[in-house]
Structure formats: C-alpha cells, structure tokens
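One-based numbering along the sequence shown. Please read these numbers as outputs of a predicted model, since none were measured by experiment.
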Amino acid sequence: MTVQLSTAARNAQLDAIETATGASAMLKIRTGAQPANCATADSGAVLATCNLPADWMAAASGGSKAKSGTWEDASADGSGTAGHFRLYASDGTTCHLQGSVTATGGGGDMTVDNTSFAAGQAFTITGFTLTAGNA
C-alpha cells in the first residue's frame with residue numbers, strides 16, 4: 001500500500017520549507033550538474049546570485065507552492081551556461097533546496113529566460129513551483 005497524505009498535510013510540508021529556509025533567502029545559479037544533495041559541497045561556478053523577496057513563495061495550495069514576487073537580477077556574476085540552482089538561507093551558505101535549471105519551457109525544476117549567462121547581463125527566473133508527493 002502507498003502512503004497518502006491529505007492536501008492539508010502536503011500544504012503544511014511545503015510551507016515548512018519556506019519557514020525552515022527563512023525570510024530573504026538567497027538563490028545561486030551555477031554551471032554544471034547539481035551535487036548529490038544539499039549537504040554536499042557546492043559545485044560549478046556561480047553565474048548569478050539573487051536575494052529573494054522576504055516572502056519568496058506563495059502559500060501552498062492544492063499540494064503545490066509557487067514563487068512569489070519577481071525573481072531577477074540586473075547583473076549576472078559570471079558567464080556560462082546555467083545547469084543547476086541552490087537555494088540558501090539568508091547566510092548564503094546553508095543550502096535548503098537545489099535542482100535543475102532550464103530555459104522557459106525546458107522542463108527544469110526552475111526556468112529562466114535564458115540559460116546562457118554573460119557577466120553583467122540581466123536575467124529573470126520565469127518559473128519555480130514545488131509540488132508535494134503522496135497525494
């Protein structure tokens with residue numbers, strides 16, 4: 001038998017991710033494949049660093065939770081092709097979440113307007129949604 005959770009329980013799980021990460025989370029987009037897990041050391045070069053809004057995710061609803069507000073940076077840190085992201089607490093070192101990055105429509109965990117970054121280039125995160133399993 002498969003474990004099933006109510007929508008309320010799945011929403012609570014998702015909202016707990018934002019609570020654990022805290023307000024003013026920091027997002028870093030990096031080159032290459034993501035590490036094995038959040039406890040593994042960072043990999044790839046940092047292409048961009050974004051300080052997210054204080055309330056960076058909308059309240060969970062229906063077992064999913066989407067980005068809140070505008071996630072963008074007026075000036076990328078480096079040049080290269082985006083491969084993965086890591087989301088940190090406001091300290092910039094405690095990783096709470098990571099995943100793949102693709103261009104809009106590419107099916108990645110996070111989508112951006114363009115995966116080819118040039119230092120100083122403006123960019124926007126176009127999509128990011130968390131969905132809880134065990135429905």
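- Here the CD atom belonging to Gln98 is positioned 11.5 Å from the CE atom belonging to Met110, to the nearest 0.5 angstrom.
- Contacts of Phe117 classified as ring-ring contact (aromatic ring centres under 6.0 Å, His included), with partners at least two apart in sequence or in another chain: Phe123.
- Side-chain atoms of Ser100 come within 3.5 Å of backbone atoms of Asp109 as a donor-acceptor pair (strictly under, hydrogens ignored).
- Aromatic ring orientation, Phe128 versus Phe85: perpendicular (interplanar angle above 60°, classes split at 30° and 60°).
- A donor-acceptor contact closer than 3.5 angstrom links the side chains of Asp77 and Thr49.
- In this structure, the separation between OG on Ser24 and CG on Asp55 is 10.0 Å, given to the nearest 0.5 Å.
- Of all non-hydrogen atoms in Arg86 and Ala39, the two that sit nearest each other are NH2-N, 4.4 Å.
- Closest of all the heavy-atom pairs between Leu14 and Ala60 is CB-CB, 3.9 Å.
- Separation of atoms OG1 (Thr21) and CG (Leu27) is listed at 11.5 Å; rounding is to 0.5 Å.
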Q: Give the intermediate values and the outcome of side chain to side chain contact (heavy atoms under 4.5 Å, CB included) for residues Val101 and Arg30.
A: CA-CA 9 Å; Val101 175; Arg30 300 174 160 279; over 6 Å; no
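- Summarising the geometry, atom CG belonging to Asp73 is positioned 8.5 Å from atom CG belonging to Asn51; distances are rounded to the nearest 0.5 Å.
- A continuous path of hydrophobic side-chain contacts links Trp71 to Ile17 [ILVMFWY only; heavy atoms under 4.5 Å].
- Judged purely by atom type and a 3.5 angstrom limit, Asn11 uses its side chain to pair as donor or acceptor with the backbone of Gly63.
- The two atoms that bring Tyr88 and Thr93 nearest to each other are CD2-C, 3.6 Å, heavy atoms only.
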Q: In sequence, state the C-alpha distance, the side-chain angles, and the governing distance for His84 and Ser43, and then conclude on side chain to side chain contact (heavy atoms under 4.5 Å, CB included).
A: CA-CA 9 Å; His84 72 282; Ser43 66; 3.7 Å; yes
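- Using a 4.5 Å cut-off between side-chain heavy atoms of Ile, Leu, Val, Met, Phe, Trp and Tyr, with links allowed through other members, Leu130 and Met26 fall into different hydrophobic clusters.
- Between the CG atom of Leu87 and the CH2 atom of Trp56 there is a distance of 4.5 Å, given to the nearest 0.5 Å.
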Q.
Apply side chain to side chain donor-acceptor pair (under 3.5 Å) to residues Thr111 and Thr126 and explain how you reach the verdict.
A. CA-CA 5 Å; Thr111 58; Thr126 56; 2.9 Å; yes
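- Here the closest non-hydrogen pair linking Thr70 and Pro53 is O-CG, 4.1 Å.
- In this structure a side-chain-to-backbone donor-acceptor pair under 3.5 Å is missing from Arg10 to Asn134.
- To the nearest 0.5 Å, atom CE of residue Met57 and atom NZ of residue Lys65 are 6.0 Å apart.
- Ala103 and Thr115 make their closest contact through N-CG2, 3.3 Å (heavy atoms, listed as atom of the first residue, atom of the second, distance).
- Minimum interatomic distance between Ser68 and Ala58 (heavy atoms only, all atoms of both residues): CB-N, 3.5 Å.
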